[in-house]
Structures are given as C-alpha cells and as structure tokens.
Undergrad: 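Let me give you the structure first, and then I'll get to my questions.
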Amino acid sequence: MSTDDTTPPPTSAADRLGGADGTEAESPAGERDRRLAKIDALRAAGVEPYPVRFDRTHTAAEVLEHWGHLESGVEVGDVVRVAGRVVLLRRQGKLTFATLRDGSGTIQLFVSRGELGEEAHSAFDDLDLGDWVGAEGAVMKTRRGELSVKVTGWTLLSKAVRPPPDKWHGLSDTDTRFRQRYVDLIANEEARRIFAVRFSVISTIRRFLDARRYVEVETPVLHVQAGGAAARPFETHHHALDMPLSLRIALELHLKRLVVGGIERVYEIGRVFRNEGLSTRHNPEFTMLECYEAFSDYTDMMTLTEEVVAECARVATGDTVVEVDGVRVDLTPPWPRRTMIDLIEEHTGARVHPSMPLAELEAAADRAEVPREAGWGPGKLVLELYEKTVEPNLVGPIFVLDYPREVSPLARAHRDDPALVERFEAVVLGRELANAFSELNDPIDQRQRFEAQAALAAAGDEEAHGVDDDYVRALEYGLPPCGGLGIGVDRLVMLIAGVHSIREVILFPHLRPEFGDEDF
RNA sequence: GCGCCUCUAGCUCAACUGGUCAGAGCAAGUGACUCUUAAUCACUAGGUUCAGGGUUCGAGUCCCUGGGGGCGUACCA
C-alpha cells in the first residue's frame with residue numbers, strides 16, 4: 001500500500017487508505033469503498049466520524065441491572081447514556097432497532113423517527129454494522145419485552161471501514177481468527193468467553209498468592225545463561241555489549257536467588273520462551289507461574305497446587321468440575337498422591353528403580369516396548385517408562401511423586417532414597433499441569449548436578465545447560481529449605497476453559513508471517 | 001522435521017465419477033414497512049475457485065511445485 005511519489009496529494013479517505021486499485025483483496029472493493037466514501041460525506045456535512053470522547057453513564061450490564069425488572073411496554077423517566085458497537089440493525093421504516101454491544105453485554109436502541117426527527121433518524125439509518133456509537137435516552141422495555149434505550153440523541157463515535165463477519169455464523173477460519181484476533185473477539189462469543197476465563201484465572205492466582213503473603217516480582221527475560229529447565233532457548237545478541245544473550249526458558253533460578261536474599265515467599269507470572277516445535281499444546285512463548293516458599297517442601301506445594309487450581313476453576317466457571325472433549329474431571333482437593341515407581345509397576349507390571357543396573361532397566365524398557373537411545377542412564381529410562389506407559393493414561397488430577405535424581409538437577413535428594421528427588425508433577429488428562437520440588441539448597445550438590453548437565457551439553461544435548469556460577473554462589477550464601485512450584489498458565493486455562501488447543505487461550509499465538517502485504 | 005487433510009464472493013458454505021457449475025444464505029445497493037430480535041418481503045450487484053506450471057477437446061474438480069492453515073506424530077526435566 002505504498003504511495004508513488006508522482007501521485008498527486010490524496011484528498012478522499014479512500015485515496016489515503018488505498019482504494020479499489022487492486023491492493024485491496026481482503027475486503028470487497030464495493031463495501032470498504034462505500035464506507036470510506038461515507039467518511040468524506042460525513043465530514044462534508046460537518047460530522048466528525050472520529051470524535052474525541054463520550055460521557056457514558058451506564059454500561060449495558062448496568063442498565064440491565066437497574067431496569068431489567070421493568071414490565072413490557074413500560075417507559076421510565078430515567079435517562080442514560082450508553083456507548084458501544086452496532087452489532088445488529090433492524091430497520092423498519094420509521095422505526096429502527098439497533099443492538100449495541102459494549103464490554104459488559106448488549107443493549108437495544110429503540111430509534112423512532114417521531115422521537116428523533118427525520119434528519120437524525122435517517123442519519124442513524126445510515127450507520128453500518130461495526131460502527132461505534134453513543135446514545136442518550138430514556139430506559140424502556142418494548143412491548144415484546146426487550147430492554148431498550150429510547151434514543152433522543154446519538155453520536156457516531158468511530159466509523160468502521162471494514163464490515164464485520166457474518167452476523168450468524170461468525171468467523172470460523174482459524175487462520176484469520178488467530179491473525180486478526182480483534183475480528184475473532186468481535187464475531188465470536190466463544191472467543192470472548194475463553195479469554196474471560198484466562199483473565200479470571202490470572203487474577204485469581206494473584207489474589208490467592210497475595211492473600212498468603214507472597215510477593216510478586218519481575219526478573220530478567222534476557223539471560224546470559226538460560227537455565228532452570230531442559231529446553232532449547234532462543235538466542236539473541238546485545239549490540240552495545242557485543243555479547244550473546246538467551247531469552248529465558250524458566251523463572252526458577254532468579255526466584256530462588258530472591259529467597260536467598262530473604263524474600264521468603266515469592267512468585268512471578270511471566271513469559272518464557274522455548275525454541276521447540278509448535279503444536280496444539282506448545283507455543284514458543286507461553287506464560288509460567290512459579291512460586292517459592294521458604295521452610296516448606298514439596299508436600300506443601302501439593303496442597304498449594306490443588307487449592308489454587310480448584311480456586312481458579314471455581315472463580316472462572318463456578319464449579320471445580322471441568323470438561324474437555326467430553327471428559328469430565330473433578331479438580332476438588334485433595335488429589336491422589338502416587339509415586340512414579342508404583343504407577344509404573346501398576347501400568348507395566350515391572351518394579352523398576354533408578355538404582356537398578358542399567359541392563360535390567362533397558363530390558364524392562366524393551367519389554368514395555370518403550371524405545372530407548374544409547375547413552376540414557378537409569379533415571380532417564382525410568383522417566384521414559386513413566387512418560388510412555390503411565391502419563392498418557394492418567395486422567396487425574398493426580399500427583400506423581402518422586403522422580404529419578406538424574407533427570408532433576410534442581411531438586412533435592414529424597415529424604416528416604418538418594419536415587420530419587422522430592423519432586424512431583426500434577427497430571428490432568430494425560431498432561432503435565434504443574435511441576436514442583438523440594439528445592440536443592442546444597443551448593444556442593446548443586447554444582448555437581450550442573451557439571452553433569454554441562455557434560456551432557458558438551459556431548460551435544462541442546463537442551464542441557466552449563467554451570468550457573470552465580471546461582472551456585474547464591475546458594476553458598478544459604479537458601480533456606482524451600483518448596484517451589486511451576487504451573488503452565490496457558491494449559492491451566494485450557495483445562496478450565498475446556499479447549500483443546502493452546503492457540504485458543506493465547507491472544508496472539510505464533511503463526512508464520514503473512515505473505516507480503518497484498519492482503520491489505 | 002515427517003505423514004494426512006484443507007484453501008471457492010467480505011463472512012458461512014454448495015457445485016455427483018473432469019462436461020452451462022461458478023451457486024446459496026448472511027453482509028452490501030434500491031424499494032416497502034413505527035415493537036423488531038439472525039426482523040421480513042421484492043429486485044440488483046458482487047468471483048484471478050491460494051499462486052505458478054502441467055495433463056485434457058474441456059480443470060474449482062486430476063498431476064507437479066510453492067504458500068497459508070488444521071490434525072496427527074516426532075521433539076518437549
């Protein structure tokens with residue numbers, strides 16, 4: 001949509017936005033140009049299509065709350081000023097009904113020629129679907145029982161140049177829904193519902209933790225060394241310092257530094273980035289909640305997890321029972337707590353343990369038809385057995401306890417079994433919802449675990465990371481006994497909203513770039 | 001990354017095995033209508049069938065290449 005230097009100065013709205021010159025493939029030349037022409041006509045008539053502000057007295061929901069009880073056919077003297085987008089228009093000659101939608105809901109405008117006069121009424125009839133208007137008038141309920149504002153005055157607040165999608169079928173093209181989320185939100189009640197759940201869940205988490213005297217903090221997104229999770233980071237570069245940086249893959253290591261510093265209960269809700277494949281469950285950037293509590297352990301984190309998840313569901317939907325793809329899940333605490341070892345035995349018949357000889361575990365994996373790679377240690381084999389034979393079959397909610405030490409470099413050794421760590425994952429519908437440990441606070445042990453990871457990285461594991469010397473130094477100043485918890489907020493929202501794809505709960509999910517700009 | 005599916009008017013969808021097949025509803029335009037509710041009724045206009053090649057007398061339909069999207073799978077402490 002570039003303007004050639006030789007083009008004469010544009011005059012009309014259509015000229016300035018780019019008219020029907022072949023660049024406008026997305027909107028029919030007729031409809032968009034028609035609306036652009038209206039902008040010029042309005043200005044010529046002295047009407048500003050994009051005025052500054054509007055003083056509204058009531059939202060649609062407030063009108064319903066105060067006057068919803070009115071009898072049909074009754075008009076009251078109370079005058080209100082409402083504002084919203086015109087989503088439906090029913091023109092009926094000298095009487096027009098418009099459905100106005102604002103952030104709270106919808107309200108009908110009753111626009112009568114007798115009330116408004118011919119000029120203002122026909123100007124109203126000239127509105128298009130999608131325009132924003134403000135209106136003033138008395139509250140009434142029509143003979144058919146629809147609560148309305150009987151308009152005595154109105155103003156165009158913003159002219160829509162592009163038409164909204166089909167008023168009945170909405171917008172279902174997934175590509176357009178995600179790229180142009182604004183249109184999705186205009187057209188689809190379901191999209192509005194899902195994001196209402198998301199906003200509710202996030203504010204509930206904050207209220208829940210704040211009430212327990214947790215402190216919310218913000219830690220760096222740009223890391224010199226990514227860590228705190230096994231994932232491939234995004235790499236970037238700082239020009240002034242001429243050094244490589246990574247986008248964070250977890251919040252963990254900074255938050256525990258803060259516990260060292262004496263912030264005994266700390267949490268962050270923040271974006272993390274992982275350079276991995278995309279799927280219905282994976283977006284390259286997603287939102288994590290992590291919280292850490294001094295003097296607690298992973299059993300305390302289980303209680304916290306089941307309570308915060310149930311509370312989020314209750315606040316967002318009124319119920320702790322959720323349903324995804326026809327499967328109902330009851331999130332009411334307490335959730336069952338089972339060890340990984342016991343679950344593997346239950347599902348495969350094999351009693352395994354990371355302290356067993358490698359050959360025995362390899363044989364167990366082969367019997368269970370779990371593929372394995374050379375170089376995997378005992379702990380990795382046990383974890384694979386769990387992930388392939390147990391986890392997909394768990395409906396949950398359930399806490400899976402006590403992971404192999406080898407695969408958990410940031411969790412403290414189990415108090416009763418040195419081959420294991422005090423770690424759990426909460427599983428719902430075969431998927432990890434939360435991950436937590438009794439945090440490793442022994443600096444010497446931690447350095448050794450990091451060094452083991454560094455060896456893996458040196459051997460080519462792109463998801464392993466090296467020694468974080470500053471983090472070890474922090475531990476040397478003393479991290480109190482500490483429980484830590486991470487919850488994937490997007491997946492929690494998916495669960496509570498009952499949707500199948502992570503793209504449904506992220507406002508602007510990652511997509512390939514649109515091809516060129518000829519669609520504009 | 002691999003496999004399968006998909007892309008037709010602004011939106012939602014039709015078009016039997018290749019043969020008047022480029023259509024409908026909504027949205028839009030014109031007209032009628034002072035209690036509508038996806039208002040209704042009449043008429044009208046609207047298309048590079050994702051792009052580019054190919055096969056064929058003939059391609060929305062079949063083949064190839066490319067692009068977007070979806071699903072599955074792989075990867076995913």
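Predicted model, so just to flag it, every value in this text is computed and none were measured. Here is the naming used below: chain letters follow the sequence lines, and residue numbers restart at 1 for every chain.
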Undergrad: Choosing from rC76(B), rG29(B), rG72(B), which nucleotide comes nearest the side chain of Arg34(A)?
TA: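 When the side chain of Arg34(A) is considered, rG29(B) is the closest of rC76(B), rG29(B), rG72(B).
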Undergrad: Considering every strand and a 4.0 Å limit on heavy-atom distances, what is the contact class for His121(A): base, sugar-phosphate, or nothing?
TA: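 Answer is nothing: His121(A) stays at 4.0 Å or more from every strand.
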Undergrad: All N/O contacts under 3.5 Å from nucleotides 23-25 of chain B to the protein, with atom names and distances to one decimal?
TA:
| from | atom 1 | to | atom 2 | distance (Å) |
| --- | --- | --- | --- | --- |
| rG25(B) | N2 | Asp166(A) | OD2 | 2.7 |

Undergrad: Both Gln108(A) and Leu171(A) contact RNA chain B. Taking the nearest nucleotide for each, which residue is further toward the 5' end?
TA: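 Going by which nucleotide is closer to the 5' end, it is Leu171(A).
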Undergrad: Roughly how many Å is it from CZ in Arg232(A) to C1' in rG1(B), rounded to a whole number?
TA: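 Interatomic distance, CZ of Arg232(A) to C1' of rG1(B): 12 Å.
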Undergrad: Quick one, give me the B/S/- string for nucleotides 39-44 of chain B, reading 5' to 3', where B means a protein heavy atom under 4.0 Å from the base and S means that only happens at the primed atoms, P, OP1 or OP2.
TA: B-----
Undergrad: Can you measure Phe124(A) atom CZ to rU34(B) atom P for me and round it to whole angstrom units?
TA: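 In whole Å, rU34(B) P lies 17 Å from Phe124(A) CZ.
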Undergrad: Roughly how many Å is it from CG in Asn275(A) to C1' in rC76(B), rounded to a whole number?
TA: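 So the two atoms are 12 Å apart, to the nearest Å.
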Undergrad: Report the nucleotide, chosen from rA27(B), rG69(B), rC76(B), that has the shortest atom-to-atom distance to any side-chain atom of Pro163(A).
TA: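 Nearest to the side chain of Pro163(A) among the choices is rA27(B).
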Undergrad: Measure from the side chain of Asp173(A), starting at C-beta and using heavy atoms only, and say which of rG1(B), rU12(B), rG70(B) lies closest.
TA: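 So the side chain of Asp173(A) is nearest to rU12(B).
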Undergrad: Look at the side chain of Leu129(A) and decide which nucleotide, out of rA27(B), rG68(B), rU34(B), has an atom nearest to it.
TA: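 Output: rA27(B).
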Undergrad: Can you measure Gln180(A) atom CD to rC11(B) atom P for me and round it to whole angstrom units?
TA: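 Interatomic distance, CD of Gln180(A) to P of rC11(B): 9 Å.
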Undergrad: Let's go through Thr99(A) and Arg90(A) carefully: what are the C-alpha distance in whole Å and the side-chain angles of both, what is the deciding distance for side-chain hydrogen bond (donor to acceptor under 3.5 Å, both in side chains) to 0.1 Å, and is it a yes or a no?
TA: CA-CA 9 Å; Thr99(A) 302; Arg90(A) 295 174 291 280; 3.3 Å; yes
Undergrad: Say we look at rG23(B) and rU49(B): how far apart would their P atoms be, to the nearest angstrom?
TA: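 Approximately 13 Å lies between the P atom of rG23(B) and that of rU49(B).
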Undergrad: Evaluate whether atom CD of Glu118(A) has more than 12 neighbouring non-hydrogen atoms of other residues, nucleotides or ligands under 6.0 angstrom away.
TA: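 For Glu118(A), atom CD is not crowded (no more than 12 foreign heavy atoms under 6.0 Å).
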Undergrad: Search all heavy atoms of Ala226(A) against all heavy atoms of Leu247(A) and return the closest pair with its distance.
TA: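 Smallest heavy-atom distance, with atoms named: CB-O, 4.5 Å.
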Undergrad: Using the C1' atom in both, what is the distance from rU61(B) to rC16(B), to the nearest Å?
TA: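 Each nucleotide's C1' atom is 11 Å from the other's.
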Undergrad: Decide yes or no on salt bridge (Lys or Arg N to Asp or Glu O under 4.0 Å) for Asp442(A) and Arg412(A), but give the supporting numbers first.
TA: CA-CA 8 Å; Asp442(A) 175 342; Arg412(A) 65 164 293 145; over 6 Å; no
Undergrad: Under a plain distance cut-off of 3.5 Å, with no hydrogens placed, do His121(A) and Ser112(A) share a side-chain donor-acceptor pair?
TA: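 His121(A) and Ser112(A) do not have a side-chain donor-acceptor pair below 3.5 Å.
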Undergrad: Consider side chain to side chain donor-acceptor pair (under 3.5 Å). Of Glu235(A), Gln225(A), His223(A), which one does Ser246(A) pass it with?
TA: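 Of Glu235(A), Gln225(A), His223(A), side chain to side chain donor-acceptor pair (under 3.5 Å) with Ser246(A) is met by Glu235(A) alone.
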Undergrad: Assign Pro409(A) to base, sugar-phosphate, or nothing according to its heavy-atom contacts below 4.0 angstrom with the strands shown.
TA: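 Base contact - Pro409(A) has a heavy atom under 4.0 Å of at least one base atom.
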Undergrad: Could you check how far CZ of Arg179(A) sits from P of rC50(B), rounded to whole Å?
TA: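 One finds 17 Å between P of rC50(B) and CZ of Arg179(A), rounded.
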Undergrad: Of Leu278(A) and Thr174(A), whose closest RNA chain B nucleotide lies nearer the 5' terminus?
TA: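 Between the two, 5'-proximity favours Thr174(A).
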Undergrad: By nearest atom, which of the nucleotides rU37(B), rG70(B), rC76(B) is closest to the Thr142(A) side chain?
TA: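 Output: rU37(B).
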Undergrad: For Lys256(A) and Glu439(A): C-alpha separation, side-chain torsions, deciding distance, then whether salt bridge (Lys or Arg N to Asp or Glu O under 4.0 Å) applies.
TA: CA-CA 9 Å; Lys256(A) 283 191 281 189; Glu439(A) 300 296 337; 2.6 Å; yes
Undergrad: Do the side chain of Asp366(A) and the main chain of Glu369(A) share a donor and acceptor less than 3.5 angstrom apart?
TA: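 No, because the side chain of Asp366(A) does not come within donor-acceptor range (under 3.5 Å) of the backbone of Glu369(A).
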Undergrad: Do Tyr298(A) and Phe437(A) have ring centres separated by under 6.0 Å?
TA: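 Between Tyr298(A) and Phe437(A), the centre distance exceeds or equals 6.0 Å.
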Undergrad: Any side-chain to backbone donor/acceptor pair from Lys159(A) onto Leu127(A)? Under 3.5 Å, distance only.
TA: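 Flag not set: sc Lys159(A) to bb Leu127(A) has no pair under 3.5 Å.
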Undergrad: With Watson-Crick and G-U wobble geometry limited to distances under 3.5 Å, how should the secondary structure of RNA chain B be encoded in dot-bracket form, using | for bases paired to another strand and [ ] for crossing pairs?
TA: (((((((..((((.....[...)))).(((((.......))))).....(((((..]....))))))))))))....
Undergrad: Roughly how many Å apart are rU12(B) and rA38(B), using the C1' atom of each and rounding to a whole number?
TA: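 13 Å, rounded to whole Å.
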Undergrad: With heavy atoms under 4.0 Å as the rule, sort Ala231(A) into base, sugar-phosphate or nothing.
TA: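 Nothing, no heavy atom under 4.0 Å.
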Undergrad: Using ring centroids (six-membered ring only for Trp), state whether Phe508(A) and Phe178(A) fall under 6.0 Å.
TA: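 No, they do not, as the ring centres are separated by 6.0 Å or more.
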Undergrad: Between Phe97(A) and Phe110(A), does a ring pair (Phe, Tyr, Trp, His ring centres under 6.0 Å) hold up when you go through it step by step?
TA: CA-CA 5 Å; Phe97(A) 299 91; Phe110(A) 181 100; 5.5 Å; yes
Undergrad: May I ask you to say what Arg503(A) touches in the nucleic acid, namely base, sugar-phosphate or nothing, with a heavy-atom cut-off under 4.0 Å?
TA: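 The answer is sugar-phosphate, as Arg503(A) gets under 4.0 Å only of primed atoms, P, OP1 or OP2.
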Undergrad: May I ask you to test the Val505(A)-Met494(A) pair for a side-chain heavy-atom distance under 4.5 Å?
TA: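 Yes - at least one pair of side-chain heavy atoms lies under 4.5 Å apart.
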Undergrad: Any base atoms under 4.0 Å from Phe110(A), or only sugar-phosphate, or nothing? Heavy atoms, all strands.
TA: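 Base contact - Phe110(A) has a heavy atom under 4.0 Å of at least one base atom.
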Undergrad: At under 4.0 Å between heavy atoms, what does Ser408(A) touch on the DNA or RNA strands: base, sugar-phosphate, or nothing?
TA: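 No contact.
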Undergrad: When rounded to the nearest Å, what value does the distance between C1' atoms of rG72(B) and rG52(B) take?
TA: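 Pairwise C1' distance, rG72(B) against rG52(B), rounds to 29 Å.
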Undergrad: Rounded to whole angstrom, note down the C1' distance from rC33(B) over to rC7(B).
TA: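 Straight-line distance between the two C1' atoms is 42 Å.
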Undergrad: Quick one, Arg232(A) with Glu276(A), criterion salt bridge (Lys or Arg N to Asp or Glu O under 4.0 Å). Give me CA distance, side-chain angles, the key distance, then yes/no.
TA: CA-CA 7 Å; Arg232(A) 222 175 136 174; Glu276(A) 293 161 354; over 6 Å; no
Undergrad: Return the nearest nucleotide to the side chain of Glu31(A); candidates are rC76(B), rU34(B), rA28(B).
TA: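 My answer, after comparing the listed nucleotides, is rA28(B).
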Undergrad: Between rG66(B) and rG18(B), how far apart are the C1' atoms? Round to whole Å, please.
TA: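 About 24 Å, rounded to a whole number of Å.
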Undergrad: Give the rounded distance in Å between these two atoms: CD of Glu189(A) and P of rA38(B).
TA: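 Those two atoms, CD and P, are 14 Å apart.
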Undergrad: Looking only at the side chain of Leu511(A) (C-beta and beyond, no hydrogens), which of the listed nucleotides rG72(B), rG70(B), rU34(B) gets closest?
TA: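 Among the listed nucleotides, the one closest to the side chain of Leu511(A) is rG70(B).
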Undergrad: By nearest atom, which of the nucleotides rG29(B), rA38(B), rG69(B) is closest to the Arg512(A) side chain?
TA: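 Given the options rG29(B), rA38(B), rG69(B), the side chain of Arg512(A) is closest to rG69(B).
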Undergrad: What nucleotide, of rC71(B), rC75(B), rU34(B), holds the atom closest to the side chain of Thr280(A)?
TA: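 It is rC71(B).
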Undergrad: Considering only atom P, compute the distance from rA28(B) to rU65(B) and round it to an integer number of Å.
TA: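 The same atom, P, in both gives a distance of 43 Å.
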Undergrad: Identify whether any heavy atom of Gly114(A) sits under 4.0 Å from a base atom; if not, whether one sits that close to sugar-phosphate; answer base, sugar-phosphate or nothing.
TA: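 Contact class for Gly114(A): base.
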Undergrad: Please classify the nucleic acid contact of Glu146(A) as base, sugar-phosphate, or nothing, using heavy-atom distances under 4.0 Å.
TA: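 Contact class for Glu146(A): base.
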Undergrad: With C1' as the reference atom in both, quote the distance from rU56(B) to rC63(B) in angstrom, rounded to an integer.
TA: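 Looking at atom C1' only, rU56(B) and rC63(B) are 12 Å apart.
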Undergrad: Kindly point out which of rG69(B), rU12(B), rU37(B) is positioned nearest to the side chain of Asp175(A)?
TA: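 The nucleotide sitting nearest to the side chain is rG69(B).
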Undergrad: Step by step, would you call Arg177(A) with Glu504(A) a salt bridge (Lys or Arg N to Asp or Glu O under 4.0 Å)?
TA: CA-CA 9 Å; Arg177(A) 286 186 49 232; Glu504(A) 297 289 349; 2.8 Å; yes
